[in-house]
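A note on names: the letters A, B, ... follow the listed sequences, proteins ahead of strands, and every chain is numbered from 1.
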2 protein chains.
Amino acid sequence: MAGVKDVARLAGVSVATVSRVLNDSAPVTEETRARVLAAVAELGYRPNGVARSLRTDTTRTVGLVIGDILNPFFTELARAVEDEARSAGYSVVIGNADERPGRQDHYVRTLLEQRVDGLLLCPTAEITPLVRDVVRDGGPLVFLDRTLPGLDVPTVRADGTAAIGELVAHLARLGHRRVAFVSGPALLSTGRERTEAFVAALRANGLPVRPEYLEAGDFQAASGRASAARLLDLPEPPEVIFAGDNLMALGALDEIRARGLAIPGDVGLASYDDVPWFTHVDPPVTAIAQPVQDLGRRAVRALLERIARRPVEPEVLAARLVVRRSCGEPGPDRGAEDLAVRPLGAGPQGGDLTKEGSGPA
Amino acid sequence: MAGVKDVARLAGVSVATVSRVLNDSAPVTEETRARVLAAVAELGYRPNGVARSLRTDTTRTVGLVIGDILNPFFTELARAVEDEARSAGYSVVIGNADERPGRQDHYVRTLLEQRVDGLLLCPTAEITPLVRDVVRDGGPLVFLDRTLPGLDVPTVRADGTAAIGELVAHLARLGHRRVAFVSGPALLSTGRERTEAFVAALRANGLPVRPEYLEAGDFQAASGRASAARLLDLPEPPEVIFAGDNLMALGALDEIRARGLAIPGDVGLASYDDVPWFTHVDPPVTAIAQPVQDLGRRAVRALLERIARRPVEPEVLAARLVVRRSCGEPGPDRGAEDLAVRPLGAGPQGGDLTKEGSGPA
DNA sequence: CCGTTTCGTGTAAACGATTACACGCTATCC
DNA sequence: GGATAGCGTGTAATCGTTTACACGAAACGG
């Protein structure tokens with residue numbers, strides 16, 4: 001493959017001049033520039049990014065390690081990260097950890113060896129020694145979507161506490177008292193926080209907190225299904241199952257369907273994470289939507305700041321409740337209101353729930 | 001950051017020896033090996049992949065440019081590619097073309113400059129000069145899922161002709177005569193072929209071929225919705241809409257719902273590509289499933305062959321029909337049989353349609 | 001008219017690894 | 001015991017860029 005040298009020779013200039021033309025890093029006569037460009041075109045020269053990176057110690061590339069590429073939440077996130085990075089002149093290399101610490105480490109290591117300029121990590125449940133090392137060495141690292149306890153790393157994530165509060169209030173208003181939650185791994189902030197928020201919301205709304213209604217999943221569909229099965233096998237099964245992410249909701253849905261149960265008649269379903277197809281399920285699934293675009297965008301901005309060695313503040317965005325019909329008919333706006341404890345700091349309407357049109361009519 | 005030199009100094013050996021230990025490319029005394037390893041650990045040395053790649057002219061990385069990262073078909077594909085590549089010791093860098101030739105070229109260029117060892121490309125509709133160049137230069141390139149006309153590149157893809165034949169036969173058997181198809185871009189093999197197969201199947205089953213029932217979409221949800229709108233606005237709207245990919249099916253579904261139409265009562269729906277949530281739509285969507293895992297796996301294998309400069313044959317796998325309920329109740333296995341022309345070479349049961357359990361009960 | 005900028009260009013030294021080649025030492029074989 | 005092979009190790013060239021530095025010519029100011 002042709003290199004600068006060949007181009008230089010053909011254009012009758014030095015390699016330095018070629019480089020100057022290509023990066024316009026210094027003024028060059030219009031005439032030589034033309035000759036160089038012609039030579040480049042003629043040889044079909046493509047600069048060797050590897051050599052350039054070695055010399056400049058910069059790859060204009062950021063790494064993104066996501067939890068699970070089959071999870072629409074993460075693909076949307078990847079998309080957002082990608083867009084923002086591209087517009088800043090960076091490429092994104094995606095690694096799929098598949099929620100496995102081993103795979104995560106594999107990618108972190110590979111990306112680090114490939115000398116990405118920065119790393120966006122949605123950490124898996126376990127704090128691996130590798131991640132601890134990287135944090136200690138203070139490389140440009142930003143956590144996305146999740147934090148790990150005891151690790152001081154800038155993080156961009158969404159907080160669903162308020163939305164979960166609204167959801168539980170909504171459920172209480174519909175007359176439900178037995179509500180179960182299928183959480184993610186407790187080590188993950190997204191697992192722990194959602195559980196805590198859920199329990200707090202139960203208390204705030206005067207609903208019982210039963211340990212057997214607290215299932216621990218792993219954010220994958222299979223665990224959602226297994227948890228749903230255990231819940232439904234309980235002597236007194238819950239009236240509503242709230243899944244901690246969209247995949248576990250899918251799993252729960254599978255299990256509910258397999259048993260031939262009616263939603264929300266026999267059991268209601270709600271999900272953390274909103275995905276496009278929730279609208280088309282029968283009935284449409286009530287969900288908590290995260291500001292995915294924003295999450296991705298801000299994470300990239302934060303990372304670029306860190307790459308520029310500027311300090312960055314952690315960012316926490318708010319998730320919001322989207323009420324549909326899978327937990328029961330919301331019914332007319334009045335009614336049931338007396339049953340419900342008003343959500344934290346909400347007005348008479350019960351907070352600014354987003355109410356979607358309830359389908360055709 | 002520490003380099004081989006530092007390690008060498010600390011271990012009291014030469015850089016060559018360090019390299020030998022790290023790649024065990026030559027025998028080294030057990031004792032020196034230990035010293036080197038100790039030094040590596042102490043310094044937290046991480047080899048510089050950029051430098052290594054420059055020297056060895058190999059990156060152990062393949063590029064994958066997909067059509068659209070929000071399309072579950074492609075993410076599943078990416079997942080499969082990823083798995084296979086990893087087990088062969090390669091990393092995958094994913095580029096998201098977003099079905100735009102410009103973006104595709106951006107990634108092809110970037111990946112080529114980053115000197116990936118090979119490139120897997122799901123080409124967008126247009127044949128860009130860049131792609132033409134790359135093909136001409138004969139770099140290790142494999143097309144995945146799609147071909148482009150007139151370009152001689154090894155390709156791994158699925159053929160849905162037979163499955164589409166079965167689908168149309170299935171529709172005919174259910175008594176439908178007015179069937180519309182929303183195709184992808186005609187320049188893409190996946191667009192063109194599916195349309196041709198559809199038209200042929202119509203003819204084979206004695207159904208009318210009406211030009212106004214042939215909509216051209218672009219594989220994105222919005223175009224599916226727009227096409228569905230046009231079809232439903234026709235003086236004589238189709239009885240079934242068959243979408244050329246899962247995103248356009250989602251769009252069509254949106255439009256059908258927005259109009260408050262019943263499926264399959266008012267209009268039936270079928271989709272090319274099967275995705276997990278199709279099972280949970282009301283009613284579950286009849287679809288044509290591609291062997292995604294296999295596609296990804298074989299594509300990687302083909303690419304590795306090309307990287308090793310061995311010749312590879314194009315591979316064509318078969319898609320298969322998955323009958324659900326969105327085009328009408330399949331009903332008992334007998335009946336309606338007299339109405340239907342038997343699909344090409346099918347037995348009395350109408351071919352080996354996969355019939356899924358029709359939901360609960 | 002001569003010093004001093006300014007401008008365009010070239011020469012050569014990095015960047016951090018791998019690896020061909022050379023070298024000294026020990027064991028082996030006649 | 002001396003030639004020889006084999007083993008472990010070190011020295012230095014190399015990969016393809018960017019860029020600090022130097023240099024000659026032209027322009028400019030006093």
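- Taking atom CZ on A:R35 and atom P on C:dG8, their separation rounds to 14 Å, with Å as the unit.
- Of the possible donor and acceptor atoms, one in the side chain of A:T61 sits under 3.5 Å from a partner among the backbone N and O of A:T59.
- At a threshold of 4.0 angstrom between heavy atoms, the contacts of A:S25 with the nucleic acid are absent.
- Inter-residue side-chain proximity for B:L141 and B:R306 is flagged as unmet; no heavy-atom pair is nearer than 4.5 Å.
- B:L22 places its CG atom 12 Å from the C1' atom of C:dT18, with the value rounded to the nearest Å.
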Could you go over nucleotides 15-17 of chain C and give all protein N or O partners under 3.5 Å, atom names and distances?
unit_1, atom_1, unit_2, atom_2, d
C:dA17, OP1, B:Y45, OH, 2.9
C:dA17, OP1, B:N48, N, 3.1
C:dA17, OP2, B:V4, N, 2.5
C:dA17, O5', B:Y45, OH, 3.4

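- Taking atom CD of residue B:Q114 and atom C1' of nucleotide D:dT17, one finds them 15 Å apart after rounding to whole Å.
- Looking only at distances, no side-chain donor or acceptor of B:D145 sits under 3.5 Å from a matching main-chain atom of B:C122.
- Judged by distance alone, with hydrogens and angles left aside, the side-chain atoms of B:T155 form a donor-acceptor pair with the main-chain N or O of B:V153 at under 3.5 Å.
- For the residue pair B:E99/B:T124, the side-chain donor-acceptor check at 3.5 Å is not satisfied.
- Between the side chain of A:T29 and the backbone N or O of A:T32, no donor-acceptor pair lies under 3.5 Å.
- Whole-Å rounding puts the A:D24 CG to C:dG8 P distance at 13 Å.
- A:T32 comes within 4.0 angstrom of sugar-phosphate atoms only, judged by non-hydrogen atoms across all strands, and of no base.
- Toward the 5' end of DNA chain C, the nearer of the two residues A:V15 and A:V28, judged by each one's closest nucleotide, is A:V28.
- A:R20 contributes a side-chain N or O that forms a donor-acceptor pair with the base of C:dG10 under 3.5 Å.
- Between the P atom of D:dT17 and the CD atom of B:E113 lies a distance of 10 Å, rounded to the nearest Å.
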